[in-house]
Amino acid sequence: MEPRLQALETAMISTNEQFGGIRVRLDKVEERLDKVEKRLDRIEERLDRVEERLEKVEERLDKVEERLDKIEERLDKVEHRLQKVEEHLIRHSVLLEHTATRADILEALNTQTKWVIGAGFGLMTLGVAISKLF
């Protein structure tokens, strides 16, 4: 029985050595798992911060969209008013084509003044001529 005992003892030693190697490997795996869990915790924390920031950005985006809608409404009103002003200006430009300018008025005034002075001299001459006849 001794060879059997010796074989059994050798097998036990070999098994213990294998278990020892497995324990070392298991310890290493546990260390790596701890590191991975820590990294995962940090990633989750970062993800939470990113989600908070994203929510803030979405809130700001909603506000910007609301303001943009208001601005578009105001722009539509301004465009409508501008169109009315353009129509008004077009109507008045047609009238302005037939309206006298300042230069036209001054020229007419000068011509009228010349006629009045000329008529006055003519009447004065006629009066002198009539007075000489009588």
Side-chain angles (χ1 to χ4, degrees):
M1 286 232 222
E2 236 179 75
R4 286 177 113 192
L5 263 173
Q6 199 174 19
L8 188 59
E9 200 174 287
T10 308
M12 282 181 66
I13 291 172
S14 172
T15 304
N16 279 340
E17 286 175 359
Q18 286 178 353
F19 279 134
I22 290 174
R23 283 187 187 128
V24 170
R25 288 177 60 197
L26 183 61
D27 289 342
K28 288 181 181 179
V29 167
E30 286 176 347
E31 286 176 14
R32 287 181 67 194
L33 185 60
D34 287 340
K35 288 179 183 178
V36 168
E37 285 178 344
K38 287 178 184 177
R39 286 178 64 194
L40 184 60
D41 289 340
R42 287 194 307 262
I43 289 172
E44 287 175 341
E45 288 173 5
R46 286 182 183 170
L47 184 60
D48 289 340
R49 288 194 303 262
V50 166
E51 286 177 345
E52 289 173 6
R53 288 180 182 168
L54 183 62
E55 287 174 3
K56 289 178 183 177
V57 167
E58 287 177 345
E59 289 173 5
R60 289 177 65 191
L61 183 61
D62 289 340
K63 289 178 182 178
V64 167
E65 287 176 342
E66 289 174 12
R67 289 179 66 193
L68 182 62
D69 290 340
K70 290 178 182 178
I71 289 171
E72 285 177 343
E73 289 174 10
R74 288 177 61 193
L75 182 61
D76 288 341
K77 289 178 183 177
V78 168
E79 286 177 343
H80 182 70
R81 288 176 61 193
L82 181 61
Q83 186 177 8
K84 285 184 176 181
V85 168
E86 286 177 346
E87 291 171 359
H88 184 75
L89 287 176
I90 289 171
R91 273 185 270 139
H92 285 288
S93 69
V94 170
L95 294 175
L96 287 176
E97 289 177 5
H98 303 291
T99 305
T101 63
R102 184 173 181 199
D104 293 337
I105 293 172
L106 288 176
E107 184 180 333
L109 183 62
N110 287 337
T111 304
Q112 184 180 7
T113 304
K114 289 177 188 175
W115 275 98
V116 168
I117 291 173
F121 277 124
L123 286 174
M124 187 176 69
T125 306
L126 183 63
V128 169
I130 292 176
S131 69
K132 284 187 178 188
L133 284 174
F134 294 111

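Residues: numbered from 1 along the sequence shown.
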Could you tell me which residues satisfy side-chain contact (heavy atoms from CB on, under 4.5 Å) with Asp104, sequence neighbours excluded, listed by chain and number? Ala100, Thr101
Glu65: what forms a side-chain contact (heavy atoms from CB on, under 4.5 Å) with it, not counting sequence neighbours? Leu61, Asp62
What's the separation between atom [atom1] in [X] and atom [atom2] in [Y], rounded to the nearest 0.5 Å?
X: Arg39; Y: Glu44; atom1: CZ; atom2: CD; result: 13.0 Å
X: Arg60; Y: Arg53; atom1: CZ; atom2: CZ; result: 12.5 Å
X: Leu89; Y: Glu87; atom1: CG; atom2: CD; result: 10.5 Å
X: Glu59; Y: Leu54; atom1: CD; atom2: CG; result: 10.5 Å
X: Ile43; Y: Asp48; atom1: CD1; atom2: CG; result: 12.0 Å
X: Met124; Y: Leu126; atom1: CE; atom2: CG; result: 11.5 Å

Can you pull the ring pair (Phe, Tyr, Trp, His ring centres under 6.0 Å) pairs that have at least one residue in residues 24-70, sequence neighbours excluded? none
Chi angles and distances behind the side-chain contact (heavy atoms from CB on, under 4.5 Å) call for Val85, Arg81: CA-CA 6 Å; Val85 168; Arg81 288 176 61 193; 5.5 Å; no
